[in-house]
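Before any comments, here is the structure.
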Amino acid sequence: MFGELKLITGAMVTLAVATSALVVIPYMQVAKVEPPADLKPYTAEELRGRQVYISNGCVYCHSQQPRSQSQAPDFDRGWGRAPVAGDYYYDKPHLLGTMRTGPDLFNIGARQPSADWQLGHLYQPRAYVPESIMPSYPYLFEIKDKAEEGEKVVSLPKEYTPEGKVVVATPEAMDLVAYLLSLDHTYPVETQPK
């Protein structure tokens with residue numbers, strides 16, 4: 001009986017210490033974090049695009065957390081500065097990513113600010129990056145004989161344009177591009193706590 005009590009007490013103490021170290025202390029550290037002054041909330045279009053990003057599994061191949069210059073060559077790759085906690089203030093859930101099969105997208109809106117490039121890349125990635133292993137997303141587009149008024153025609157290199165047809169972006173593709181273009185964290189941030 002005495003040995004069982006020791007075992008249960010030890011397990012409870014271990015659980016309490018682990019919970020404090022992994023949950024309580026980190027929560028206290030970021031509970032009062034405010035967004036950087038230049039960070040804007042997502043628009044309705046960007047939020048819909050964020051859902052398209054999630055539903056298509058983009059987070060499985062792309063991270064949104066470049067590492068600091070002292071840890072990795074992410075800055076030299078043009079992926080931008082290392083993030084601070086406030087950069088994710090409006091992100092629920094956070095889409096930090098689990099691996100990098102493709103490039104980090106933390107600053108894709110600054111690196112590739114062209115909606116036409118983003119749309120073409122989603123339709124056929126190898127038209128823009130020949131060595132890309134990213135899948136194409138043709139279901140985010142419609143191939144038509146002629147675009148209707150107000151529709152966004154995707155500008156593609158000639159060899160990727162269906163002959164005699166036009167490729168038109170769906171609302172989901174436009175929302176996804178709006179979200180990608182909103183990923184621009186090139187504003188200055190205070191890295192030291194006040």
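Both backbone and side-chain heavy atoms feed into the values below; hydrogens, waters and symmetry mates do not. All figures in this text were calculated on a predicted structure; none of them were measured in a lab.
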Applying a strict under-4.5 Å side-chain criterion to I, L, V, M, F, W and Y, I'd like to know whether L119 and L176 cluster together. yes

Does atom CG (L15) have a neighbourhood of more than 12 heavy atoms from anything else shown, all under 6.0 Å? yes

I need the minimum non-hydrogen distance between V167 and L156, along with the two atoms involved. CG2-CD1, 3.8 Å

Joint cluster assignment, L122 & I54, ILVMFWY side-chain distance < 4.5 Å: yes

Apply salt bridge (charged side-chain N to carboxylate O under 4.0 Å, His left out) to residues R100 and D74 and explain how you reach the verdict. CA-CA 11 Å; R100 286 190 187 154; D74 293 354; 2.9 Å; yes

Using only atom types and a distance under 3.5 Å, with no angle test, would you say the side chain of N107 pairs donor to acceptor with the backbone of H185? yes

Is there a chain of hydrophobic side chains (I, L, V, M, F, W, Y, each step under 4.5 Å between heavy atoms) that links Y137 to V59? yes

H121 side chain vs Y128 backbone, donor-acceptor pair below 3.5 Å: no

Determine whether V177 and V129 fall in the same hydrophobic cluster, where Ile, Leu, Val, Met, Phe, Trp and Tyr are linked whenever their side-chain heavy atoms lie under 4.5 Å apart. yes

Nearest-0.5 Å distance that lies between atom OH in Y179 and atom CD in E46: 9.5 Å

Keeping the roles fixed (side chain from D38, backbone from K40), state whether a donor-acceptor pair exists under 3.5 Å. no

Decide whether Y88 and Y90 are clustered together by the hydrophobic rule: side chain heavy atoms of Ile, Leu, Val, Met, Phe, Trp, Tyr closer than 4.5 Å, transitively. no

Would you give the length of the straight line joining atom CD of Q71 to atom CD of Q69, rounded to the nearest 0.5 angstrom? 11.0 Å

With a 3.5 Å distance limit and no angle check, can you tell me whether S55 reaches the backbone of V52 through a side-chain donor-acceptor pair? yes

Take H62 and F106 through the test side chain to side chain contact (heavy atoms under 4.5 Å, CB included) and record every step on the way to the result. CA-CA 9 Å; H62 295 282; F106 184 68; over 6 Å; no

Looking at K144 and E151, is there a salt bridge between them, counting it only when a charged N and a carboxylate O are closer than 4.0 Å? yes

Residues, nucleotides or ligands: over 12 heavy atoms within 6.0 Å of K92 NZ: yes

Looking at N56 and C58, would you say the former's side chain and the latter's main chain have a donor-acceptor pair under 3.5 Å? no

Between K165 and D145, the two heavy atoms sitting closest are NZ-OD1, 2.6 Å

Rounding to 0.5 Å, atoms CG (L180) and CG (D175) come to a distance of 11.0 Å

Under the side chain to side chain contact (heavy atoms under 4.5 Å, CB included) rule, what do V168 and K152 come out as? Steps first, then yes or no, please. CA-CA 6 Å; V168 176; K152 175 65 175 167; 5.7 Å; no

Which distance, rounded to the nearest 0.5 Å, do you find between the CG of L96 and the CD of Q65? 4.5 Å

Less than 6.0 Å separating the ring centroids of Y123 and F141? yes

More than 12 heavy atoms of other residues, nucleotides or ligands under 6.0 Å from OH of Y139: is that the case? yes

Whether Q51 side chain and R48 backbone form a donor-acceptor pair below 3.5 Å: no

Looking only at non-hydrogen atoms, find the nearest pair between D184 and A110 and report the distance. OD1-CB, 3.4 Å

Polar side-chain atom of D116 near backbone of S155 as donor-acceptor pair, under 3.5 Å: no

Does R81 make a cation-pi contact with Y187, if we ask for NZ or CZ under 6.0 Å from the ring centre and within 45° of the axis? yes

Give the C-alpha distance, both sets of side-chain angles, the deciding distance and a yes or no for side chain to side chain contact (heavy atoms under 4.5 Å, CB included) between Y42 and D91. CA-CA 9 Å; Y42 294 114; D91 291 356; 2.6 Å; yes

Quick one: do E172 and T170 satisfy side-chain hydrogen bond (donor to acceptor under 3.5 Å, both in side chains)? Show the steps, please. CA-CA 5 Å; E172 292 81 13; T170 64; 3.3 Å; yes

Enter the distance from R50:CZ to L183:CG here, rounded to the nearest 0.5 Å. 9.0 Å

Minimum heavy-atom separation for P26 and S20, please, with both atom names. CD-O, 4.1 Å

Please check: side-chain N/O of S132 versus main-chain N/O of M134, any donor-acceptor pairing under 3.5 Å? yes

So R67 and P73, do their side chains get closer than 4.5 Å, heavy atoms only? no

Which pair of non-hydrogen atoms, one from S63 and one from D104, has the smallest distance, and what is that distance? OG-OD2, 2.6 Å

Polar side-chain atom of E34 near backbone of G86 as donor-acceptor pair, under 3.5 Å: no

Full working for side chain to side chain contact (heavy atoms under 4.5 Å, CB included) between L105 and W79: CA-CA 7 Å; L105 298 181; W79 294 352; over 6 Å; no

Side-chain contact test, heavy atoms from C-beta onward, threshold under 4.5 Å: evaluate it for L5 versus I8 and give yes or no. no

Can you name the nearest heavy-atom pair linking P125 to P135, along with the distance? CG-O, 3.6 Å

